[in-house]
Each structure stands twice: as C-alpha cells, then as structure tokens.
Amino acid sequence: MNPTIPHIPIGDVVDAGIGWLRANAGAFFDGLSALLAILTDALTDLLLAVPEPVAIVLFALLGWLLRSWKMALATLVTFLLIWSMNQWTTSMQTLALVLIATVIAVVLAIPLGIWAARNDAVSAALKPILDFMQTMPAFVYLIPAILFFGIGAAPGLIATLIFALPPGVRMTELGIRGVDHETVEAGHAFGASDGQILRGIQLPLAVPTIMAGVNQVIMLALSMAVIAGMVGADGLGKEVVSAISTLNTAKGVEAGLSVVFLAIYLDRLTGSLARPGDQRTSLLAWLRSRRQAAARAS
C-alpha cells in the first residue's frame, strides 16, 4: 500500500455492486442463463442431427456458392480431417456457440453503430465503453459471469459477446460515416427523408464495411473458444483445457487444428460476403452462366 496516495477501493465497490445485482436480480440472470443454454443446445442438436458426410458436403457447397470451387475443395479436406480426428461433435458445439454470440452481437452492434454514426454525442460516449470492453482481459469478465450465470455455456457466451461486440459497432459506424457526403446531399435534394437515405443509400453503400465488422466479430468470438471451455462450455475449448490439464499433446493439437479450420472457413465465407462482386468462380456465377447459355440456345 502506497503511504502517500490513499487507496481507492474500486474493486470493492464493483464487488459490492455485483453482490447487490445477484441478490436482487438473481431470477433474471437465472432465466437468461437458461435461455442461452437452450439456444446453444438447440443449435448444437440441429448441427449434429445432420450426418457427418452430408454436413461436410453442405458446408462445401456453401463455400462454393459464396466463394469458389477451391473453397469447396478446401472445406471438404479440412472438415474431413476434423471428422477423422474425432472432433466433429466438439467442433459443432463450438460453431453453435460462435454463431449464437455472433447473431446477438450483430443485432446489438449494427443499431448502435448506426446511432453513433448519426449522433456525435453518442459516438463520443460509446468510444470509451468499447475501448474498455475490448482491452479488459477476457479472464476478468469470467469472474462476474460465473457469479451471475454459473458454470456452463452462458458465462462463456456472455464473455465472448462482450469481447466480440466492439468491432461490429466500430465498423458499422465507420461504414455509415464513410458514405460520400455528396451522395447523401443528392438524396436530400430529391426530398428523401433521413430514414429513406439510411435504408436506400447509406446502408447499401456501407455493407462491405459492415460485413468486414461481422467478420471480425466472428473471428474474435472463435478466439474465445478456449476461454469458454474454461468455464464449462462444451466444445473445442473444453478439449484444449482438458489437454492442458493432462499434458495431452495429441488432443491439444487436434483440437487446436479444428479451431484453425473453423476459423479459416468462417473467415473466407464472411470475407466473400464483404466483397459481393468478387464471385466469378462461384457456384452462383456458374449457374447464372448456364442459364444464359440455355437462353441463347433456345
């Protein structure tokens, strides 16, 4: 303790606040925990209901549709490796956790980003909050998350959401603010309302930047898989934690590679959505060319 500077018990105040919330809003947190667990389990069951070979083919077709045949081939190889390493179930559990965290983050981030882009005071207020969310060590989030939500998927999901949300807000604001002012002024000149300009001009032109933010949300959510495994969430993170505790190198490498394969797949998919015009070798472009050829032939 520094004798020249009085101790400011910030930690004690936060701890007391958490205790008060837990005592007075425990039913709310229990209900939210149950809801998040139900959503995660339902999506996991849905992903695992599809037989592995069929699911792998569907993932590959999605890669072909949104990216290219090379993406489809890489998906087949990497997902077959995941299956062969007996990490399919844990990979789908992690994928379900990431998808739910991403959906919640996007639902929150895009409206906040739009609000910040259209209001400088809101933008100024959000910046330090987003900085705090993104720079605070993720392990610190786990302490109140466990107190509020117990052990399982819910605390890991909440910690993942807090860590992954800021890029979505920042990139949405950047995309809206980056729209050419002359284009917006032209919309005003033709009598368009603010809502019409937002829906018809700003959002469509900001889609690539917003999708880049969604890509970062997904990547950060996936990077939290190990953290989620530390608090009991099923998936690849739990495998990594188990491998560390038992010094099982083989299991750790297999679980780590599965995380890498999932990350590459999701990154390429969302990256292609951020560049909608770059689909010359995609299945969609191939189907379009076949229809045009058939129309010319007839």
Side-chain angles (χ1 to χ4, degrees), residues 10-11 13-47 90-113 126 128-172 213-241 259 262-263 266:
I10 296 177
V13 172
V14 173
D15 183 54
I18 290 173
W20 183 88
L21 284 173
R22 184 59 188 162
N24 293 275
F28 168 78
F29 291 113
D30 291 341
L32 182 58
S33 177
L35 176 61
L36 293 176
I38 289 171
L39 291 175
T40 305
D41 292 341
L43 183 54
T44 301
D45 292 341
L46 179 63
L47 292 171
T90 53
S91 295
M92 294 303 101
Q93 290 169 337
T94 296
L95 181 59
L97 185 71
V98 169
L99 290 179
I100 290 174
T102 300
V103 169
I104 297 174
V106 169
V107 168
L108 295 174
I110 291 180
L112 283 174
L126 280 178
I129 298 174
L130 296 176
D131 290 339
F132 176 86
M133 293 169 64
Q134 204 164 13
T135 55
M136 176 67 72
F139 289 99
V140 178
Y141 296 137
L142 294 181
I143 302 171
I146 293 172
L147 291 174
F148 287 139
F149 301 104
I151 299 296
L157 188 58
I158 293 298
T160 299
L161 177 62
I162 294 172
F163 188 69
L165 180 65
V169 179
R170 294 183 192 277
M171 295 299 285
T172 300
V214 173
N215 174 273
Q216 291 303 304
V217 169
I218 293 175
M219 292 299 101
L220 289 175
L222 195 53
S223 71
M224 291 287 289
V226 176
I227 304 296
M230 295 183 66
V231 293
D234 292 329
L236 294 169
K238 201 171 188 178
E239 288 287 288
V240 172
V241 172
V259 173
L262 277 181
L266 294 174

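We count residues from 1, following the sequence as given. These numbers were taken from a predicted model, which means no experiment stands behind them. All values below come from the heavy atoms of this structure, side chains included, with hydrogens, waters and symmetry mates left out.
- The distance from the CG atom of Leu36 to the CG atom of Asp41 is 10.5 Å, given to the nearest 0.5 Å.
- The two atoms that bring Gly168 and Val217 nearest to each other are N-CG2, 3.7 Å, heavy atoms only.
- The shortest distance between side-chain heavy atoms of Arg170 and Gln216 does not fall below 4.5 Å.
- In this structure, Ser33 and Ala154 approach most closely via the heavy-atom pair OG-CB, 3.5 Å.
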Handout entry: Pair Asp234-Thr44, side chain to side chain contact (heavy atoms under 4.5 Å, CB included): steps then yes or no
Key = CA-CA 10 Å; Asp234 292 329; Thr44 301; over 6 Å; no

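- One distance of note links CG of Asp30 with CZ of Phe28; it measures 10.5 Å at 0.5 Å rounding.
- With rounding to the nearest 0.5 Å, the separation of CG in Leu220 from CG in Leu161 is 12.0 Å.
- Atom CD1 of Ile129 and atom CD of Gln134 lie 13.5 Å apart (nearest 0.5 Å).
- Note on residues 149-165: no pairs pass side-chain hydrogen bond (donor to acceptor under 3.5 Å, both in side chains), not counting sequence neighbours.
- Residues Ile100 and Ile104 are in side-chain contact: their nearest non-hydrogen atoms beyond the backbone lie under 4.5 Å apart.
- Taking every heavy atom of both residues into account, Ile162 and Met133 meet most closely at O-CE, 3.4 Å.
- Put simply, the side chain of Leu157 does not reach to within 4.5 Å of the side chain of Leu39, judged on heavy atoms.
- By the 4.5 Å heavy-atom criterion applied to side chains, Val241 and Lys238 are not counted as neighbours.
- Taken from CG in Leu99 to OG1 in Thr94, the straight-line distance is 10.5 Å, to the nearest 0.5 Å.
- Between atom CD1 of residue Ile218 and atom CG of residue Leu266 there is a gap of 5.5 Å, rounded to the nearest 0.5 Å.
- Exactly one of Thr102, Leu97, Leu262 qualifies for a side-chain contact (heavy atoms from CB on, under 4.5 Å) with Leu222. That residue is Leu262.
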